[in-house]
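Each ligand, and each atom within it, is numbered from 1 in the order the structure gives.
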Amino acid sequence: MDTATLIEPHGGKLCDLIATGNEADALRKEALDLPSITLTPRQLCDIELLLNGGFSPLEGFLTEAEYDSVVANLRLTDGTIWPMPITLDVDEDTAKGLNSGDRVALRDQTGLLLAVMTAESVWKPNKEKEANGVFGTSNVEHPAVNYLMNHASDYYIGGKLEGVSLPKYYDFEDLRQTPRELRAQFEKDGWTTIVAFQTRNPMHRAHKELTDRAAEEIGGHLLIHPVVGMTKPGDIDYYTRVRCYRKLMDYYPKDRAELSLLPLAMRMGGPREAVWHAIIRKNYGCTHIVIGRDHAGPGSDSKGNPFYGPYEAQDLILEHADELGMGVVPFKLMVYAPDIDGYKPIDEVAEGEKTLSISGTELRRRLATGEEIPNWFSYKEVVQELRKSHPPKNGQGVTVFFTGLSGSGKSTVANAVMVKLLEMGGRPVTLLDGDVVRTHLTKGLGFSAEDRSTNVQRIGYVASEITKHRGIAICAPIAPYEADRKVNRNQIGQFGAYIEAYVSTSLEECERRDVKGLYAKARAGLIKGFTGIDDPYEAPTDAEIVIDTSKTVDECAQDVIDYLRNEGYIA
Ligand code: PPS
């Protein structure tokens, strides 16, 4: 098969920035004396696609002039369409230490040298302008704006890359083709008309039907090209997704479809991102891309206003379709029609015709309850994979996080809850009590605001690991500050349930009991910074359970057990 039959890469040239042989050896040697920058996870994704040609025609991170042009005009300075600023952000110290023309070594977290960069420009970007120009908003509820404003460093450096190595992977190695490798495979198989399907979600029957139709429509082949770099926070992890895609691939006719993984860090940038996705797929050898309603959209802000209109992405890409040289296959929402026991696009549904669909939220609910997921919706092998990593609630990890003043009764109730759970059996339970934890896990920490935060967040970290491994963690520190509890809630919530139990015994009552005599000492000034006396206790306003210790210990513990049972966390 002649190479000319494959589509031209964007800008006419497929970059391969990886040096080999003597050149690579020389770079490695040079790098020993250069300042090093350790790349962040997002920068690692970006550099991989720069080095392997996925971002052709870019030959490095954008310089200031290219950046200004991309932000303002959606184009590189030579006029080539390019919608997304690919920038290397660094802190002030690094930026101040660099002059134009300096060389820097770019490494991964293990120190592996990926590339040497010539820093052609070093500048402080106007992030507000970038956010508005690229994402159409400076609202930090947009994930990319949040990244830009709250995570990215304040300076950018741009310049050409001389690559030494691509990032190393030890998972799904057989599915991580570079643009060159995928193009070679297409050539070998004689594929020339190929539609790419971009996804960050598991695929079910509706997606299968949709992709079948897309391939049929273009009279060509199909590339299932899921993103495994960075997607929207809260998405299903890519290990699970890839196992699901693998199962799904068995359902396509042989030689119709190919699965390959894309190490892209998505920005959820809607219209601009759609154009970017098309360019990347073109570089990988695809002639068409499926673009759906609200493609790569971040959803809505907290007031319920969507960041982008549902067809803005399709409109922008169609506006540039000729110039991009890519065909766009609009995504049609597929619905199940029980009468034909099959799927059809929603616009082909007759009036009054019965249709069925299951939303993402409903799917998550069914996974959480263990309820049936019907065969018309997905394939049993796919559902099995999802269930392995998303067990029903009573198989998920749980943290019960008690908080309350010293002497409020936290430890007593926490201990009673633990033994009740142990009596029931079947679940591993760990108690991380405030006083006890301070004798080992957080030994050496005192009661300054900083030490308390470290103490509470360290407990939260251990609880999150227990929760991840599907155990039950019971924590009982004072945890006086709202901010630390929030960090823990987010950290633990990624892996299972976080249940805050506020032991609401009043200061007067704690002081009256004064079991350890500490309140008297604090009042006498013998203990400084005592919670409730001269250090604040920020009472929770969003606790799942409020415990009233005027009840008996047994009743308080039973309230917690009842809550866990009612919510489905224990059988
Ligand atoms: S914190 O704020 O969450 O880090 O506190 P915690 O790790 O739970 O430790 C609280 C226990 O330490 C004793 N203690 C003090 N508490 C509050 N403030 C000061 N300054 C202080 N100094 C010592 C006290 O016995 C607490 O035990 P509990 O079990 O809460 O009564």
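- Of the possible donor and acceptor atoms, one in the side chain of Glu544 sits under 3.5 Å from a partner among the backbone N and O of Glu500.
- What sits closest to atom 11 (C) of ligand 1 on the protein, heavy atoms only, is Asp435 OD1, 3.5 Å.
- Contacts between Thr442 and ligand 1 below 4.0 angstrom, taking non-hydrogen atoms only, are absent altogether.
- A salt bridge links Arg485 to Glu482: one of the charged nitrogens lies within less than 4.0 Å of a carboxylate oxygen.
- Checked by atom type, the side-chain pair Tyr308/Glu273 shows no donor-acceptor distance below 3.5 Å.
- Scanning all protein heavy atoms for the shortest distance to atom 20 (N) of ligand 1 gives Gly529 O, 2.9 Å.
- Of all the heavy atoms of Leu405, none lies under 4.0 Å from any atom of ligand 1, so neither backbone nor side chain is involved.
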*Stepwise salt bridge (Lys or Arg N to Asp or Glu O under 4.0 Å) test for Arg267 and Asp46*: CA-CA 11 Å; Arg267 274 48 164 180; Asp46 286 352; 2.9 Å; yes
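- Close contacts of ligand 1 with Val456, meaning ligand atoms under 4.0 Å from a residue heavy atom, involve 3 (O).
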*When you look at Arg512 and Glu509, which way does the salt bridge (Lys or Arg N to Asp or Glu O under 4.0 Å) test go after all the steps?*
CA-CA 5 Å; Arg512 193 191 59 76; Glu509 177 59 17; 2.8 Å; yes
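- By the criterion of a heavy-atom distance under 4.0 Å, the side chain of Pro480, and not its backbone, is placed next to ligand 1.
- Numbered from 1 in the order shown, with element, the atoms of ligand 1 that lie under 4.0 Å from a heavy atom of Lys528 read 20 (N).
- With a 4.0 Å cut-off on non-hydrogen atoms, Phe530 touches ligand 1 through its backbone as well as its side chain.
- Listed by number with element, the atoms of ligand 1 under 4.0 Å from a non-hydrogen atom of Gly407 are 31 (O).
- Looking only at protein heavy atoms, the nearest one to atom 8 (O) of ligand 1 is Ile478 N, 2.8 Å.
- No donor-acceptor contact under 3.5 angstrom links the side chains of Arg458 and Thr442, judged on distance only.
- Only side-chain heavy atoms of Lys410 come within less than 4.0 Å of ligand 1; its backbone N, CA, C and O stay farther off.
- Of the options Lys380, Arg243, Arg246, a salt bridge (charged side-chain N to carboxylate O under 4.0 Å, His left out) to Glu385 is made by Arg243 and by none of the others.
- Looking only at distances, no side-chain donor or acceptor of Asp301 sits under 3.5 Å from a matching main-chain atom of Asn139.
- At the shortest separation from atom 1 (S) of ligand 1 among protein heavy atoms lies Asn455 ND2, 3.7 Å.
- Considering each of Arg452, Lys521, Lys516, the one bringing a non-hydrogen atom nearest atom 2 (O) of ligand 1 is Arg452.
- Annotation: atom 26 (C) of ligand 1 to nearest protein heavy atom, Ser406 OG, 3.9 Å.
- Donor-acceptor pairing under 3.5 Å is lacking for the side chains of Thr531 and Ser406.
- Under the 3.5 Å distance criterion, with hydrogens and angles disregarded, a donor-acceptor pair is assigned to the side chains of Asn150 and Asn146.
- Proximity of Thr531 to ligand 1, defined as any heavy-atom pair under 4.0 Å, is shared by backbone and side chain alike.
- Heavy atoms of Ala479 found under 4.0 angstrom from ligand 1 belong exclusively to the backbone.
- A pairwise comparison of heavy atoms in Thr403 and Lys410 identifies C-CD, 3.8 Å as the closest pair.
- Ranking protein heavy atoms by distance to atom 12 (O) of ligand 1, first place goes to Phe447 CZ, 3.1 Å.
- Counting the atoms of ligand 1 from 1 in the order shown, those under 4.0 Å from a heavy atom of Leu518 are 24 (C), 25 (O).
- Nearest protein heavy-atom contact of atom 6 (P) of ligand 1 is Arg438 NE, 3.5 Å.
- A side-chain N or O of Asp562 and one of Gln558 form a donor-acceptor pair less than 3.5 Å apart.
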